Number of protein chains: 2
Amino acid sequence: MRADAKRNYDQILAAAEAEIARSGADASLEKIARDAGVGSATLHRHFPSRQSLLEAVFHDRVEVLCAKARELSTAADPGRALAGWLRDLAVFGATTRGLAEAMLYATPAVSDCEVMLRDAGGTLMRRAQATGDVRADVAIDDLLTVANAVSLATRDATDAARLVTLAIEGIGGPAGHSGG
Amino acid sequence: MRADAKRNYDQILAAAEAEIARSGADASLEKIARDAGVGSATLHRHFPSRQSLLEAVFHDRVEVLCAKARELSTAADPGRALAGWLRDLAVFGATTRGLAEAMLYATPAVSDCEVMLRDAGGTLMRRAQATGDVRADVAIDDLLTVANAVSLATRDATDAARLVTLAIEGIGGPAGHSGG
DNA sequence: CACTTAACTGGGGTGGCACCCCACTTGTCA
DNA sequence: TGACAAGTGGGGTGCCACCCCAGTTAAGTG
């Protein structure tokens, strides 16, 4: 990649990050290009689809989440570790406007972030299943989809955390039981 | 309302129903007007916002769901009744493209459908809480949001039903327990 | 250094959109 | 039947995604 191309690429990415944070996944690509100081054609050349731009923007942050999953994979309580990570994921999605929408339309075969999260979360889940904290008939895609769903339906970290916790624990029982 | 106005209103509604089923909540309003055989201004006069059109389109169907809730409010097993209804709601949202998006952006004070569902679901929930089938610290908005969230994140009735069931039961325990 | 060339660029075009204005049409009622 | 308010839609504005192509520039060569 030529030096000027790389410079433009980075500028577009920075502008996209700011604009997506403000306006969500359907931010104006024209405005991103304008803010980055490049023509819209340049943006479209570097990122042929909206999806590819979103992936690039969120890649680093998703990596942070995955690193957290790797840390948690040696935690004492696998069930609690998984629950906490899913909560983080949903909160992250709800507060990082656009990530959830991006994940929703991600084609599994194409999406880099999707694969990373599946791998990281899958490890946590299997450990929790091994200890019996999580049912054996649950798939990692189900859990990611639920966390993502909550992200889509909330714009607030507190709501996202509460709803994921609710979905993890279930609605049954006489009162909120925070553990197990 | 004048006779010709009513005719146009109905034609717009019919066209909107077809188009939204095909393209979801962000269907082209211009195309709906074209299909209805009216000018776009007429559509915008009858429905000042996209949201108001979506509400009108889904109103009848939401009413059906609410009627179902009223039937279920005398069911023998309140917990199972609530779970079944939430599953229906999510499936309905997932398969009726656009409803979930519409609910997401609904302003509670303004939204007719939102209020109807809250009333209908609230009754079911309180009964389930009275029998101890559902925790006392759960709010109806939480349940509606979770069902809506699942609708947003799935495009398939089977997936929607499975995920709502998962969220209702929780992910804990050694295996899938269908009764709850 | 000058020169070549392929990678790279962005202004401007196309077609589509939401939403609005206003001259015109039509249902309604005295 | 006549008057008029309610209702209409063509066309305008400003925004968007996406593409084309003539011009520009970095990078490699003698």
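Scope of the values below: all heavy atoms of this structure, side chains included, with no hydrogens, waters or symmetry mates. Values in this document were obtained by computation on a predicted structure and should not be read as measured data. Chain naming here is simple, since letters A, B, ... match the order of the sequence lines and numbering starts at 1 in each.
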Query raised in the report: Of all the nucleotides listed (dG7(D), dG10(C), dC19(C)), which has the minimum atom distance to the side chain of H44(B)?
Result: dC19(C)
Query - Sugar-phosphate, base or nothing in reach of R45(B), heavy atoms under 4.0 Å - result: base
Query raised in the report: With sugar-phosphate meaning primed atoms plus P, OP1 and OP2, does A36(B) contact a base, only sugar-phosphate, or nothing at under 4.0 Å between heavy atoms?
Result: nothing
Report summary line: Of the listed dC8(C), dT8(D), dG7(D), the closest approach to the A5(A) side chain comes from dC8(C)
**Report entry** Under 3.5 Å donor-acceptor, R126(A) side chain and G121(A) backbone
**Finding:** no
**Report entry** Whole angstrom value for the distance that separates P of dC19(D) from CG of L43(A)
**Finding:** 12 Å
Query raised in the report: Any idea which of dT8(D), dC20(C), dT9(C) is nearest the N8(A) side chain?
Result: dT9(C)
Query - Check: L82(A) and L143(A) side chains under 4.5 Å, non-hydrogen atoms - result: yes
Query raised in the report: Among the nucleotides dG27(C), dC18(D), dA18(C), which one has an atom lying closest to any side-chain atom of E30(B)?
Result: dA18(C)
**Report entry** Out of dT9(C), dC18(D), dC20(C), whichever nucleotide has its closest atom nearest the side chain of H46(A)
**Finding:** dT9(C)
Requested in this report: Side chain of S28(B) only, please: which of dG11(C), dG27(C), dC17(C) is the nearest?
Outcome: dC17(C)
Query raised in the report: Hey, does A41(A) reach any base, or is it just sugar-phosphate, or nothing, if we go heavy atoms under 4.0 Å?
Result: base
Query raised in the report: Roughly, in whole Å, what's the span from CD in Q51(B) to P in dA18(C)?
Result: 15 Å
Query raised in the report: In whole angstrom, what separates D26(B)'s CG from dA18(C)'s P?
Result: 10 Å
Report summary line: Taking for L29(B) and for K6(A) the nucleotide of DNA chain C with the nearest heavy atom, the one nearer the 5' end belongs to K6(A)
Query raised in the report: Of the candidate nucleotides dG7(D), dG9(D), dC19(D), which contains the atom at the shortest distance from the side chain of S40(A)?
Result: dC19(D)
Query raised in the report: R2(B) side chain: which of dC21(C), dA17(D), dG27(C) is closest?
Result: dG27(C)
Query - Spacing between F47(A) atom CZ and dC8(C) atom P, to the nearest angstrom - result: 13 Å
Query raised in the report: How about L163(B) and D142(A): do any of their side-chain heavy atoms sit closer than 4.5 Å?
Result: yes
Query raised in the report: Touch check for R7(A), heavy atoms < 4.0 angstrom, all strands: base, sugar-phosphate only, or nothing?
Result: nothing
Report summary line: Taken to the nearest whole Å, CG/L54(A) to P/dA17(D) is 12 Å
Requested in this report: Consider only side-chain heavy atoms of I, L, V, M, F, W and Y, link residues closer than 4.5 Å, and tell whether L54(B) and F47(B) are in one cluster.
Outcome: yes
Query - Any residue meeting ring pair (Phe, Tyr, Trp, His ring centres under 6.0 Å) with H44(A), in chain and number order, not counting sequence neighbours - result: none
Report summary line: D10(A) atom CG is separated from dT9(C) atom C1', nearest whole Å, by 16 Å
Report task. Measure from CD on Q11(B) to C1' on dG7(D) and round the result to the nearest Å. Result -> 14 Å
Query raised in the report: Given H59(A) and E63(A), is the side-chain contact (heavy atoms from CB on, under 4.5 Å) satisfied, shown in steps?
Result: CA-CA 6 Å; H59(A) 190 275; E63(A) 206 137 36; 3.5 Å; yes
Query raised in the report: To the nearest angstrom, how far is D35(B) atom CG from dG9(D) atom P?
Result: 14 Å
Query raised in the report: Given dC16(D), is OP1 or OP2 found less than 4.0 Å from the side-chain N or O atoms of R34(A)?
Result: yes
Query - DNA chain D: 5'-proximal contact among S49(A) and G37(B) (nearest heavy atom) - result: G37(B)
Query raised in the report: When you match D4(A) and Y9(B) each to their closest nucleotide on DNA chain D, which lands nearer the 5' end?
Result: Y9(B)
